[in-house]
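In what follows, a structure is listed as structure tokens, so that the remarks can point back to it.
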Amino acid sequence: MSETFDAVVIGSGLGAATAGALYAKAGHRVLMLERMESFGGAASRFIREGQVFETALHETTAPRDGDVKEEVFRALDLFDRVTFVPVPELHEVRATALGAPFTLPHGYDAIAAAVADRFPQHAAAVRAFLDDLEHIRHLLSLTAHRGGLGWWVRHGPEILSDLRHAGRDFGRSLSEMLDRHFGADETVKAALVPNLAYYHDDPDRLWWTFFAVAQGEYYRHGGYFIRGGSTVLVRALLDVIRAAGGQTRAGRTVHEILLDTEGRAAGVVYRDSHGGLQTARAPIVFAGCAPEQLADMLPADRRAAFLAPYDGKTRSLTLMQASFALTRPAADLGLTAYSTVLVPDWMTGLRDLKDAAALIGDDPRPDRLPPLTVVDYGRIDAGLPGPGPAPVAVAALDRLDNWEGLSDAAYAARKTAWLDALIGRLDREWPGFAQAVRLSDLATARTMAHWMGTPGGAVYGFAPDAPAGMPKPPTKVDTTIPGLFLGSAWAGTGGFTGVMVGGKAAADAAL
């Protein structure tokens with residue numbers, strides 16, 4: 001059977017869903033095909049014994065006041081469909097070197113005051129660090145919403161000021177900037193950047209410009225959770241496609257991207273829920289998957305040229321996440337923050353983070369556990385229903401090769417060992433945690449690779465490495481196949497904001 005649409009969307013992750021929704025809103029009939037039986041990719045949730053668990057979202061930024069998601073939300077009328085719940089503070093950091101736990105608030109002034117109180121020798125340095133960050137964040141946020149001549153006249157002086165101040169640092173790494181301001185003091189760095197693992201596992205490679213834009217929004221306004229979980233946003237985007245006359249179909253795997261006689265995208269061939277092959281013809285294809293996956297769907301003689309622009313790019317990190325349902329609220333056990341980062345004693349600085357993922361490849365040792373991010377959804381109105389208190393999530397860096405080559409029995413045994421080790425670590429930090437666990441689940445890098453379908457289980461597309469030479473645009477949605485656009489983290493950067501910006505850029509290019 002063959003059908004005709006204005007666009008086909010491969011995958012239903014946030015980036016692909018954003019591209020499809022914007023294209024549908026512009027008056028086009030869109031078909032979305034998702035290989036899994038449910039929509040959303042990483043932006044999903046699961047249910048165990050009536051308890052709803054979030055799979056991806058710990059926090060994101062709110063689409064307001066210059067946040068680059070704001071334009072998408074306005075274009076798709078999403079503000080009434082999605083509720084953003086503020087997170088009380090950015091992070092609490094617990095490390096032996098810090099002494100008492102350090103709370104990182106949000107708001108530049110509050111951050112500067114907190115750092116100056118704990119690290120008075122860095123009172124001036126933290127202000128300079130935040131100033132450097134804000135010039136880059138403001139510059140890119142401003143130019144992302146550029147308009148006509150009148151806009152340039154109004155904002156030209158601001159842009160010139162930002163360029164003068166920030167231009168010299170555009171291509172630097174996060175480590176270079178932290179070393180400039182704080183020297184060898186790793187404790188203040190850990191206090192300011194406890195969430196490094198949300199972006200990269202190596203500050204020597206993490207692009208400062210990317211970090212400044214992403215972390216700058218958290219520093220300015222704090223983190224937010226989507227009430228009900230990330231699937232609420234996915235459903236809202238899919239509703240836009242359906243309301244415009246489009247269709248969304250799960251359990252469909254795309255096997256081939258069709259090209260016309262001029263080499264342009266012409267549709268796809270996919271396997272339906274009964275195993276039969278179907279054809280959907282369309283002059284536009286939005287892809288929510290990785291370039292190397294798309295290459296396998298193209299004619300063999302087009303693959304090398306298609307992949308050439310991505311030579312030298314490295315995949316992002318991947319993660320494992322444990323989910324816990326408790327018999328008591330986590331706050332009763334002593335958790336005092338929404339997000340707590342537990343820094344192990346073996347880490348002497350941020351640069352040690354690059355060694356953390358490999359630890360999961362061995363049996364766990366109490367003295368060699370990775371840094372952990374612990375999220376207590378009970379600290380906010382998360383809207384994750386269940387029969388008991390809100391769940392707790394624990395995330396750590398992982399690698400797919402930690403789990404490859406294991407038999408099913410060995411894989412299950414390794415998972416159990418690590419789940420027990422995580423519970424033990426949390427129980428040492430908050431006595432009584434182990435006894436309060438009534439349900440637990442561990443998603444590994446292998447889980448990520450299967451569920452998201454990404455090479456290596458990469459959760460953020462390509463790694464946001466500092467560029468060699470002149471920095472390039474952060475988002476590139478065009479491919480060597482006219483009409484085929486990347487609409488995902490692989491188009492630019494990961495995270496909720498990054499993938500939605502990639503999806504918007506793909507829709508803009510197609511339009």
Side-chain angles (χ1 to χ4, degrees), residues 11-19 40-44 54-61 68-69 173-174 193 195-218 223 230 233-234 287-293 310 312-321 353-354 356-357 370-371 373 375 393 395-400 443-467 472-477 486-506:
S12 63
L14 275 178
T18 298
S44 304
E54 168 65 29
T55 62
L57 180 61
H58 293 170
E59 56 193 284
T60 184
T61 53
V68 290
K69 294 190 299 296
S173 70
L174 174 62
V193 195
N195 59 334
L196 174 61
Y198 281 157
Y199 304 124
H200 211 300
D201 63 354
D202 188 352
D204 289 337
R205 292 170 49 207
L206 175 56
W207 188 16
W208 162 249
T209 296
F210 163 79
F211 176 84
V213 175
Q215 187 80 344
E217 286 298 325
Y218 287 110
S230 55
L233 178 54
V234 172
C289 46
E292 57 194 282
Q293 294 170 294
Y310 313 105
K313 287 184 173 289
T314 57
R315 298 171 188 159
S316 77
L317 53 82
T318 189
L319 304 167
M320 72 174 185
Q321 176 165 297
L353 187 64
K354 62 180 178 294
T373 300
V375 175
L397 292 175
D398 197 359
R399 294 197 317 217
L400 183 58
T444 69
R446 187 161 138 180
T447 313
M448 303 295 179
H450 168 72
W451 187 256
M452 298 173 63
T454 55
V459 295
Y460 299 135
F462 292 116
D465 292 340
K472 298 178 181 178
T475 302
K476 179 174 174 52
V477 298
L486 299 182
S488 68
W490 301 95
T493 63
F496 276 51
T497 298
V499 296
M500 294 189 76
V501 170
K504 179 185 182 301

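Positions are given from 1 along the sequence.
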Check for a donor-acceptor pair, side chain of S173 on one end and backbone N or O of L206 on the other, with a separation under 3.5 Å.
-> no

Of all heavy-atom pairs between A16 and G288, which one has the smallest distance, and what is that distance?
-> CB-CA, 3.9 Å

Assess the side chains of T314 and R205: does a donor N or O sit below 3.5 Å from an acceptor N or O?
-> yes

Got Y310 and L486 here, is their nearest side-chain heavy-atom distance under 4.5 Å?
-> yes

Test: R315 and E292 ion pair at under 4.0 Å = yes

Nearest 0.5 Å please: distance from the OG1 atom of T60 over to the CD atom of E217.
-> 9.5 Å

When rounded to the nearest 0.5 Å, the distance separating OH of Y198 from CG of L319 is 9.0 Å

Is there a donor-acceptor pair under 3.5 Å between the side chain of T318 and the backbone N or O of G457?
-> yes

Looking at side-chain heavy atoms only, is the closest gap between T454 and Y460 below 4.5 Å?
-> no

Distance-only, no hydrogens or angles: does the T61 side chain make a donor-acceptor pair with backbone N or O of Y218 under 3.5 Å?
-> no

Closest heavy-atom pair and its distance - A463, H200 = CB-NE2, 3.9 Å

L233 side, atom CG; L57 side, atom CG - distance, nearest 0.5 Å = 9.0 Å

Do K69 and T497 meet the criterion of a side-chain donor-acceptor pair at a distance under 3.5 Å?
-> yes

Between CG on residue D465 and CG on residue D204, distance to nearest 0.5 Å = 11.0 Å

Side-chain heavy atoms of K504 within contact of V68, under 4.5 Å = no

List for me each residue that meets side-chain contact (heavy atoms from CB on, under 4.5 Å) alongside S488, sequence neighbours excluded, and say none if there are none.
-> W490

CG/L397 to OG1/T373 distance, rounded to the nearest 0.5 angstrom?
-> 8.5 Å

Shortest non-hydrogen separation from A17 to S12 and the atoms involved | CB-O, 4.1 Å

Shortest non-hydrogen pair, A56 vs A42, comes out as CB-O, 3.0 Å

Tell me, do T55 and S44 make a side-chain contact under 4.5 Å, heavy atoms counted?
-> yes

Audit row: L174, L196, side chain to side chain contact (heavy atoms under 4.5 Å, CB included) steps and yes/no | CA-CA 10 Å; L174 174 62; L196 174 61; 3.9 Å; yes

Are any side-chain N or O atoms of D202 and backbone N or O atoms of K354, one a donor and one an acceptor, separated by less than 3.5 Å?
-> no

Among all residues two or more places apart in sequence or in another chain, which pass the side-chain contact (heavy atoms from CB on, under 4.5 Å) test with A43?
-> L14, S230, V234, F496

With distance as the sole criterion, is a donor-acceptor pair present between the side chains of Y199 and Q215 under 3.5 Å?
-> yes

Closest contact, heavy atoms only, L400 versus A449 = CD1-CB, 4.1 Å

